[in-house]
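First comes the structure, then the notes that go with it.
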Amino acid sequence: MSGRHAWIDVSAGVAGDMMLGALLDAGARVERVQAAVDAVVPGAVRIGFGEVQRAGLRAGRAYVEVLVAEPPHRDWRGLRALLEAAELAEVVRERAIAVFARLAVAEARVHGIDVGDVHFHEVGALDAIADVVGCCAALHDLGIVSVSAGPVAVGSGRVRGAHGELPVPVPAVAELAIGWRVSAGGPGELGALGELATPTGMALVRALAAECGDLPTMTVESVGVGAGGRDRAGRANVVRVIVGSARAAGPTRNARPQETAGPAEKAGPQEAAGPTTDARPQETAGPAEKAGPQEGAGPQTDGSHRVETALLLEANVDDLDPRLWPGVLAGLMAAGAADAWLVPILMKKGRPAHTLSVLCAPELAEQLRGYIFASTSTLGVRESARIKTPLDRRFVPVRVPGGRVAVKVGSRGGVILQVTPEFEDVATVARQSGRPERMVLQEALVAAAEAGLVAGTAEQAEPNGD
Ligand SMILES: O=C([S-])c1cc(C(=O)S)c[n+]([C@@H]2O[C@H](COP(=O)(O)O)[C@@H](O)[C@H]2O)c1
Ligand code: NI
């Protein structure tokens with residue numbers, strides 16, 4: 001593969017702010033990170049960056065200042081809608097959704113609830129959104145197309161949180177660790193280590209890194225060191241990110257070329273420009289500039305329209321309790337699938353059965369394969385690469401009586417072809433305002449038309465959305 005690679009050293013633990021600090025220290029620009037976070041939660045947080053000492057070593061420290069008095073607590077459904085509606089580069093959106101999907105699946109398992117109902121308490125607070133979206137934006141800014149990481153030090157002892165006292169690794173971290181090498185992380189003389197890996201940090205590692213391993217062979221371009229809040233003698237409480245190019249071989253599942261079109265174009269010049277030409281560590285003209293269409297794992301353009309490569313995972317199943325299927329489909333969507341559906345079939349020996357089909361970004365395939373094996377009775381998952389031609393897509397929020405609805409606008413060659421209110425938003429407003437969904441849907445379409453979003457007309461530079 002070609003393209004810039006990041007290897008993350010999490011041998012002293014990992015938290016969202018440590019990872020963000022390391023990526024900023026490696027050269028990601030704080031204003032790019034701030035712009036991406038503002039696209040999700042406008043005006044809600046301010047991100048700062050400075051230098052501190054950790055056990056005698058210099059480290060970058062990311063600061064997230066929450067600017068709103070009472071940050072809302074969100075469930076995964078709401079947070080996902082927020083990320084989908086935000087004007088982000090598509091690769092940033094996909095990575096951020098993948099991270100939170102990981103967290104949601106882990107929390108659902110720990111608390112024994114449906115994935116969509118996971119309430120994000122601490123991990124859903126604004127600083128976690130800032131950390132996750134910030135890290136994904138920083139990777140984008142650095143032109144990083146693939147990530148790997150070492151084994152994670154998770155800590156030991158007990159910690160106090162929203163759930164009272166928790167054993168370390170805390171339950172969500174233990175769940176997120178399945179399939180990854182971890183250790184408590186310390187020689188005995190350091191005493192009880194406390195919580196070295198937080199759920200957000202662990203979810204970042206699991207969703208962004210394609211494999212667990214040592215530093216790969218590559219030409220190093222920059223090194224970032226990100227400090228955690230605590231400073232204790234004996235070991236620097238830091239995450240290190242080593243950014244390099246021209247890996248001879250390695251994980252391609254997480255390789256994402258830079259976006260060339262889509263919502264990013266509306267996100268102001270800094271998001272649209274793509275990171276590969278002006279991110280600081282790229283002064284040596286590494287190969288990330290070439291990490292575009294040839295990667296094959298994301299949007300490309302053939303000169304006339306954009307195409308995307310996606311994976312289609314499939315399994316024929318004839319012996320699953322049919323009552324389980326709705327939960328399987330919902331779980332796959334919550335875990336980051338682009339789409340998941342069932343088709344009734346007649347199998348060998350005349351057995352009625354279903355084909356489960358799951359469309360996903362290549363880097364999510366391993367996670368979703370695991371989900372299919374865990375939640376259905378299939379003995380195998382087959383897969384094929386699919387080429388998709390997406391419309392240029394963006395979301396415009398419109399105001400209706402009782403709330404706001406995101407309207408999905410699909411266009412091609414600058415002409416609007418589809419104007420579709422997000423039904424989840426319609427249902428929420430209908431529920432909250434006590435009016436029929438049909439009426440709210442109609443109101444959203446009228447509001448969209450008033451904002452200049454009409455099928456068959458040219459895209460306006462700035463629609464008058466809410
Ligand atoms: O908010 C929830 S549900 C939560 C769950 C768990 C579990 O392990 S379950 C742990 N925590 C603790 O919250 C803080 C903050 O975590 P971040 O990931 O937001 O940094 C941390 O101490 C976790 O152990 C919260
Ligand atoms: Ni929890």
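Note that ligands are numbered from 1 as they come in the structure, with each ligand's atoms numbered from 1 the same way.
Residues L67 and R46 are in side-chain contact: their nearest non-hydrogen atoms beyond the backbone lie under 4.5 Å apart.
With hydrogens and angles left out, the side-chain atoms of D319 and S377 include a donor and acceptor closer than 3.5 Å.
Considering both main-chain and side-chain atoms, T200 comes within under 3.5 Å of ligand 1 through a nitrogen or oxygen pair. Looking at G201 next to ligand 1, no N or O pair under 3.5 Å apart turns up.
For the pair K408 and E422, the salt-bridge criterion is met [side-chain N within less than 4.0 Å of a carboxylate O]. A salt bridge links D25 to R58: one of the charged nitrogens lies within less than 4.0 Å of a carboxylate oxygen.
Relative to the ring axis of F373, R369 does not place its NZ or CZ within 45° and under 6.0 Å from the centre.
Short contacts between ligand 1 and V170, defined as distances under 4.0 Å to a heavy atom of the residue, involve ligand atoms 8 (O), 24 (O). Within ligand 1, the atoms closer than 4.0 Å to a non-hydrogen atom of P199 are 10 (C), 16 (O), 18 (O), 23 (C), 24 (O), numbered from 1 in the order shown. Near L166, meaning under 4.0 Å from one of its heavy atoms, ligand 1 places the atoms 10 (C). Listed by number with element, the atoms of ligand 1 under 4.0 angstrom from any heavy atom of V110 are 9 (S). If you number the atoms of ligand 1 from 1 as listed, the ones under 4.0 Å from a heavy atom of A172 come out as 7 (C), 8 (O), 9 (S). Every atom of ligand 1 with a heavy atom of E195 under 4.0 Å away is listed here by number and element: 21 (C), 22 (O), 23 (C), 24 (O).
The main-chain N or O of L83 is found under 3.5 Å from a side-chain atom of R93 such that the two form a donor-acceptor pair. In this structure, D231 contributes its side chain and A55 its backbone to a donor-acceptor pair below 3.5 Å.
With V429 as the partner, the side chain to side chain contact (heavy atoms under 4.5 Å, CB included) test is satisfied by one option alone out of R404, R435, E437: R435.
To the nearest 10 degrees, the Ni ion (ligand 2) sees NE2 of H111 and OE1 of E107 at an angle of 80°.
Within the 4.0 Å heavy-atom cutoff, E175 does not count among the residues contacting ligand 1. Distances shorter than 4.0 angstrom occur between a heavy atom of P171 and an atom of ligand 1.
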